[in-house]
Amino acid sequence: MITTVILASLAVYSWKLLGYLVPERFITERFRGFADRVTVALLAALVAIQGFSTDGEIVLDARLGALAVAAVMLAFRAPYILVVLAGAAVAAGLRSLGL
């Protein structure tokens, strides 16, 4: 298991490093726009899967409240560490209430 994690980390790092080594002339505006859209789509998918599903089923629990608080704080440009702490506090509070 740990070997897999280390190999996957090295693979991801190598792709990131490769991105810095590609000459600027090969990166067009069309490619740059595509990369921006893919990044946003993948992040949205990750939030949806991790925030609203458990064992392949849609579940609304304390994570929903934590995501809502985090989204509001990010909209007001709060520092990221405060967003994470507030989300964790809200999730803990809602879980302690049995939600």
Side-chain angles (χ1 to χ4, degrees):
M1 174 78 170
I2 191 71
T3 304
T4 305
V5 171
I6 290 171
L7 290 175
S9 299
L10 289 173
V12 169
Y13 182 74
S14 69
W15 277 98
K16 184 161 184 75
L17 185 62
L18 183 64
Y20 289 115
L21 298 175
V22 173
E24 188 70 29
R25 68 177 182 265
F26 292 122
I27 302 174
T28 64
E29 283 303 315
R30 183 176 169 194
F31 179 76
R32 204 179 300 262
F34 173 76
D36 289 342
R37 286 189 299 275
V38 166
T39 302
V40 171
L42 288 174
L43 183 58
L46 178 65
V47 168
I49 294 296
Q50 294 296 317
F52 303 113
S53 71
T54 300
D55 295 329
E57 297 179 6
I58 294 176
V59 177
L60 300 177
D61 57 7
R63 295 176 292 181
L64 177 62
L67 281 172
V69 167
V72 169
M73 290 186 72
L74 285 173
F76 285 112
R77 307 248 188 237
Y80 185 70
I81 189 68
L82 292 180
V83 172
V84 171
L85 292 173
V90 167
L94 290 174
R95 287 184 193 272
S96 70
L97 294 174
L99 300 176

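Counting Ile, Leu, Val, Met, Phe, Trp and Tyr side chains that sit under 4.5 Å apart, directly or through other members, Trp15 shares a hydrophobic cluster with Leu18. Alongside Met1, the hydrophobic cluster contains no other residue (criterion: ILVMFWY side chains under 4.5 Å).
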Per-pair distances, 0.1 Å, donor-acceptor, side chain in residues 73-92, under 3.5 Å, sequence neighbours excluded:
none

Enumerate donor-acceptor pairs with a distance under 3.5 Å from any side-chain N or O in residues 30-37 to protein atoms, sequence neighbours excluded.
{"from": "Arg32", "atom 1": "NH2", "to": "Glu24", "atom 2": "OE2", "distance (Å)": "2.7"}
{"from": "Arg37", "atom 1": "NH1", "to": "Gly33", "atom 2": "O", "distance (Å)": "3.4"}

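Listed by chain and number, the residues in a side-chain hydrogen bond (donor to acceptor under 3.5 Å, both in side chains) with Thr54 are Arg63 (sequence neighbours excluded).
The side-chain contact (heavy atoms from CB on, under 4.5 Å) with Ser9 is formed by just one residue from the set Val12, Val5, Ile6; it is Val5.
Between Ser14 and Ala11, the shortest heavy-atom contact is OG-O, 2.7 Å.
Leu60 has its side chain within reach of Phe52: a pair of non-hydrogen atoms, C-beta onward, lies under 4.5 Å apart.
Judged as a salt bridge (Lys or Arg N to Asp or Glu O under 4.0 Å), not a single pair has a partner in residues 47-59 (not counting sequence neighbours).
Considering CG of Leu64 and CG of Asp61, their distance stands at 8.0 Å, rounded to 0.5 Å.
Counting heavy atoms of neighbouring residues, nucleotides and ligands inside a 6.0 Å radius, atom CG of Leu10 exceeds 12 of them.
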